[in-house]
Trainee: 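If you scroll down you'll find the structure; I have some questions about it.
For the single chain, residues carry numbers from 1 onward in sequence order. Quick note: numbers below take in every heavy atom, side chains included, and nothing from hydrogens, waters or symmetry partners. Please read these numbers as outputs of a predicted model, since none were measured by experiment.
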Amino acid sequence: MARPSAPGPLVLVQDLVNTLDVETGADTLATPEGRAAFGVSEAGADAARRLREALRAACLAHAGHAPPAEVAALGTLLAQAPLLTTVDPADGSARLTPADPASLTARVAVAVALGSLDGSWQRLKVCEDETCRWAYYDRSPAGRGRWCSMEVCGARAKMRAYRARRAGE
């Protein structure tokens, strides 16, 4: 899509949500290469899909839509991912890390936690277009972006609204 990637660790969340092309139904997690990109085995693909859809629901809520029940599922999924605070003995700096670096859920939990701290998590949204639902990072000054791409989904929505107004005249 036309928008740049999310910052820092949130790119993992954005990439995971975008493993499903809602319009075509193509699911990258259905392929060995797609799963390998996230460190997911074939046996773990269903869990990765549940995580993906819970993330999509949260990002849809970030875009101002009524949060579906799946948002609650995200909290449950992330609660199962143990995280650690590691301290650098050289300078005393602390970092949040997954207890199991191979766990996709734990890596996502770190990304969400860090994004929550700096405010970037709320700007990771899902396109308003029901046939798209692509995740994008809203870099608009007011944080009110609605579409993954103004040139594609935004233009379609504006054209539909225009046609509806014309039909009502």
Side-chain angles (χ1 to χ4, degrees), residues 1 3-89 92-139 143 145 147-148:
M1 289 285 154
R3 293 196 184 231
S5 295
L10 280 180
V11 74
L12 170 67
V13 176
Q14 181 180 18
D15 289 347
L16 179 59
V17 172
N18 290 341
T19 59
L20 177 65
D21 184 331
V22 172
E23 190 170 15
T24 67
D27 183 354
T28 309
L29 295 176
T31 68
E33 299 82 18
R35 290 189 301 273
F38 295 94
V40 174
S41 66
E42 188 171 356
D46 285 340
R49 285 184 185 100
R50 282 191 298 278
L51 179 60
R52 174 185 68 199
E53 295 312 312
L55 288 164
R56 184 184 317 280
C59 291
L60 187 61
H62 293 170
H65 298 282
E70 291 89 1
V71 174
L74 180 60
T76 302
L77 291 169
L78 296 183
Q80 299 169 15
L83 304 178
L84 300 172
T85 303
T86 58
V87 178
D88 185 332
S93 62
R95 287 184 338 133
L96 187 62
T97 59
D100 176 7
S103 166
L104 176 61
T105 304
R107 288 182 284 138
V108 165
V110 167
V112 170
L114 294 176
S116 293
L117 289 174
D118 69 12
S120 59
W121 168 237
Q122 289 298 113
R123 284 188 173 252
L124 188 60
K125 300 178 178 182
V126 170
C127 184
E128 188 173 288
D129 186 344
E130 291 179 6
T131 64
C132 179
R133 296 297 195 226
W134 204 250
Y136 68 94
Y137 188 75
D138 183 1
R139 294 184 186 275
W147 302 287
C148 63

Trainee: Which atoms form the tightest heavy-atom contact between V11 and S5, and what is the distance?
Mentor: CG2-CB, 3.7 Å

Trainee: Could you grab the distance from atom OH of Y136 to atom NZ of K125, nearest 0.5 Å is fine?
Mentor: 5.0 Å

Trainee: Specify the closest pair of heavy atoms between A111 and L10, including all atoms of both residues, with the distance to one decimal.
Mentor: O-CD2, 3.6 Å

Trainee: Taking N18 for its side chain and A135 for its backbone only, find out whether a donor-acceptor pair lies under 3.5 Å.
Mentor: yes

Trainee: Is the closest side-chain heavy-atom distance between L104 and L16 below 4.5 Å?
Mentor: yes

Trainee: So, for R35 and A45, which heavy atoms are closest and what is the spacing to 0.1 Å?
Mentor: CD-CB, 3.7 Å

Trainee: State whether the side chain of R95 and the backbone N or O of T86 hold a donor-acceptor pair below 3.5 Å, judged by distance alone.
Mentor: no

Trainee: How long is the straight-line distance from CG of L51 back to CZ of R56, given to the nearest 0.5 Å?
Mentor: 11.5 Å

Trainee: Can you tell me how far apart CZ (R133) and CG (D21) are? Round to the nearest 0.5 Å.
Mentor: 13.5 Å

Trainee: On a heavy-atom basis, which atom in L74 and which in A58 lie closest, and how many Å separate them?
Mentor: CD2-CB, 3.7 Å

Trainee: Is there a donor-acceptor pair closer than 3.5 Å between any side-chain N or O of H62 and the backbone N or O of L124?
Mentor: yes

Trainee: Which side-chain hydrogen bond (donor to acceptor under 3.5 Å, both in side chains) pairs, counting each pair once, include a residue from residues 98-119, with sequence neighbours left out?
Mentor: D118-S120

Trainee: About how many Å separate OG1 of T97 and CG of L83, when rounded to the nearest 0.5 Å?
Mentor: 7.5 Å

Trainee: Do you know the tightest heavy-atom contact between A63 and V126?
Mentor: CB-O, 3.8 Å

Trainee: Which value, rounded to the nearest 0.5 Å, describes the distance between L29 atom CG and L20 atom CG?
Mentor: 8.5 Å

Trainee: Say whether, by atom type as modelled, one donor and one acceptor occur between the side chain of R123 and the main chain of D138 under 3.5 angstrom.
Mentor: yes

Trainee: Can you measure from CZ (R52) to CG (D15) and round to the nearest 0.5 angstrom?
Mentor: 13.0 Å

Trainee: Could you tell me whether the side chain of F38 reaches within less than 4.5 Å of the side chain of T28, counting heavy atoms only?
Mentor: no

Trainee: Please find the pair of heavy atoms, one from Y137 and one from A6, that lie closest to each other, and give the distance.
Mentor: CB-CA, 3.7 Å

